[in-house]
Student: 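First the structure, which I've put down as structure tokens, then a few questions once you've had a look.
Residues take their numbers from the sequence shown, with the count starting at 1. These numbers come from the heavy atoms of this one structure, side chains and all, not from hydrogens, waters or symmetry mates.
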Amino acid sequence: MSHSSYALEKLSLAIYYLATGPGDVRKRLKTAYMEFHPVSENDFPPELRDNWKWIINQLTRLGPVYHSDGTVFIGALDNTLSRIKNSTGVKIAERIVALEDELRNRLN
């Protein structure tokens with residue numbers, strides 16, 4: 001399986017969870033993220049890597065929250081998702097769908 005095929009498989013599953021999962025878009029984004037987070041930007045053709053980086057950056061942009069001893073108290077994903085608007089979550093979900101579609105078109 002090529003790296004791009006792996007990425008497509010993971011994004012396709014993420015879209016399934018975005019479409020069918022319980023809760024608002026932020027909860028569905030978390031489930032989707034758990035499916036596609038093993039994918040790296042190198043799994044995408046160069047022309048799609050910026051889209052991938054944008055998605056990851058939007059989902060983790062607020063960074064983690066740490067305990068006083070330096071251990072992570074709240075991860076970057078949970079911290080970000082708990083503080084974004086639902087409308088922002090929709091934009092991220094739309095970008096995931098668009099990326100999956102672009103990747104599928106390139107592989108077919």
Side-chain angles (χ1 to χ4, degrees):
M1 175 184 293
S2 76
H3 292 285
S4 293
S5 294
Y6 172 73
L8 180 62
E9 176 187 326
K10 292 298 189 180
L11 285 173
S12 295
L13 284 169
I15 289 170
Y16 172 80
Y17 294 125
L18 284 171
T20 64
D24 69 10
V25 71
R26 292 167 291 216
K27 289 181 182 175
R28 290 180 278 131
L29 278 167
K30 182 175 181 176
T31 304
Y33 178 88
M34 299 312 289
E35 188 59 49
F36 67 65
H37 86 275
V39 174
S40 78
E41 71 179 86
N42 293 327
D43 292 322
F44 292 93
E47 60 275 11
L48 297 180
R49 290 178 184 167
D50 284 343
N51 290 337
W52 174 251
K53 288 189 281 189
W54 183 90
I55 291 165
I56 297 301
N57 288 337
Q58 288 298 306
L59 289 171
T60 59
R61 67 183 171 84
L62 295 179
V65 175
Y66 295 97
H67 286 287
S68 59
D69 66 2
T71 59
V72 174
F73 176 63
I74 302 172
L77 176 68
D78 287 332
N79 186 33
T80 301
L81 289 177
S82 70
R83 297 169 63 189
I84 65 170
K85 295 179 181 178
N86 199 50
S87 60
T88 302
V90 169
K91 289 176 187 169
I92 298 167
E94 289 171 343
R95 193 81 166 254
I96 293 168
V97 171
L99 179 60
E100 192 267 356
D101 187 53
E102 289 178 45
L103 185 57
R104 182 176 302 282
N105 287 335
R106 291 185 192 290
L107 291 176
N108 290 329

Student: Please check if the side chain of R28 supplies one atom and the backbone of A19 the other of a donor-acceptor pair under 3.5 Å.
Tutor: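 Pair absent, no side-chain N/O of R28 close to backbone of A19.
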Student: Same cluster for L11 and Y17 if Ile/Leu/Val/Met/Phe/Trp/Tyr side chains link at under 4.5 Å?
Tutor: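 Each belongs to a different hydrophobic cluster.
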Student: With the 4.5 Å side-chain cut-off for hydrophobic clustering, are V97 and Y33 part of the same group?
Tutor: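 Yes, because V97 and Y33 connect within a single hydrophobic cluster, where side-chain heavy atoms sit under 4.5 Å apart.
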Student: Distance check, rounded to the nearest 0.5 Å: S12 atom OG versus I96 atom CD1?
Tutor: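 The OG atom of S12 sits 12.0 Å away from the CD1 atom of I96.
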Student: List in chain and number order the residues that pass side chain to side chain contact (heavy atoms under 4.5 Å, CB included) with A76, two or more places apart in sequence or in another chain; answer none if no residue qualifies.
Tutor: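 For A76 the side chain to side chain contact (heavy atoms under 4.5 Å, CB included) partners, ignoring immediate neighbours, are T60, P64.
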Student: With rounding to the nearest 0.5 Å, note down the distance linking CD1 in I55 to CD1 in I92.
Tutor: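 So the CD1 of I55 and the CD1 of I92 are separated by 8.5 Å.
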Student: How would you list all residue pairs meeting ring pair (Phe, Tyr, Trp, His ring centres under 6.0 Å) that involve residues 68-108, not counting sequence neighbours?
Tutor: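 For residues 68-108: H67-F73.
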Student: Could you give the distance from CG (L77) to CG (L29), rounded to the nearest 0.5 Å?
Tutor: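 If we round to the nearest 0.5 Å, L77:CG and L29:CG are 8.5 Å apart.
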Student: Quick one: CH2 on W54 to CZ on R61, what's the gap to the nearest 0.5 Å?
Tutor: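 Between atom CH2 of W54 and atom CZ of R61 there are 9.5 Å.
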Student: Using atom types as modelled, flag every donor-acceptor pair under 3.5 Å from a side chain in residues 40-47 to any protein atom, sequence neighbours excluded.
Tutor:
residue, atom, partner, partner atom, Å
S40, OG, N42, N, 3.3
D43, OD1, H3, ND1, 3.0
D43, OD2, S40, N, 2.9

Student: Taking L99 as the starting point, is it possible to reach M34 by hopping between hydrophobic residues whose side chains are less than 4.5 Å apart?
Tutor: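 Same cluster.
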Student: Can you sort out the partners of D24 under side chain to side chain contact (heavy atoms under 4.5 Å, CB included), two or more places apart, ordered by chain and number?
Tutor: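 Side chain to side chain contact (heavy atoms under 4.5 Å, CB included) list for D24, sorted by chain: R26, K27, N86.
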Student: State plainly whether one hydrophobic cluster holds both I56 and L48, where clusters connect Ile, Leu, Val, Met, Phe, Trp and Tyr through side-chain heavy atoms under 4.5 angstrom apart.
Tutor: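 Yes.
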Student: Provide the full list of side-chain hydrogen bond (donor to acceptor under 3.5 Å, both in side chains) pairs with a residue in residues 68-77, sequence neighbours left out, each pair given once.
Tutor: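 Applying side-chain hydrogen bond (donor to acceptor under 3.5 Å, both in side chains) to every pair that reaches into residues 68-77, excluding sequence neighbours, yields D69-T71.
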Student: For K10, what residues pass the side chain to side chain contact (heavy atoms under 4.5 Å, CB included) criterion, not counting sequence neighbours?
Tutor: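 With neighbours one apart ignored, the set is Y6, E35, F36, V39.
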Student: What pairs meet the salt bridge (Lys or Arg N to Asp or Glu O under 4.0 Å) rule with one or both residues in residues 74-83, with sequence neighbours excluded?
Tutor: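 Listed by first then second residue: K30-D78.
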Student: Sequence neighbours excluded, which residues qualify as side chain to side chain contact (heavy atoms under 4.5 Å, CB included) partners of L107?
Tutor: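 Side chain to side chain contact (heavy atoms under 4.5 Å, CB included) check on L107 returns S4, S5, L8, L103.
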Student: Enumerate the residue pairs fulfilling ring pair (Phe, Tyr, Trp, His ring centres under 6.0 Å) with a member in residues 89-108, sequence neighbours excluded, ordered by first and then second residue.
Tutor: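 Listed by first then second residue: nothing to list.
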Student: What distance separates Q58 CD from I84 CD1, expressed to the nearest 0.5 Å?
Tutor: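 Between atom CD of Q58 and atom CD1 of I84 there are 8.0 Å.
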Student: Test question: given the 4.5 Å side-chain rule for I, L, V, M, F, W and Y, name all other residues clustered with Y66, or answer none.
Tutor: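 Direct or chained contacts put Y66 with V72.
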Student: Applying salt bridge (Lys or Arg N to Asp or Glu O under 4.0 Å) as the test, list every pair that has at least one member in residues 84-101; sequence neighbours left out.
Tutor: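 Pairs touching residues 84-101 that pass the test: E100-R104.
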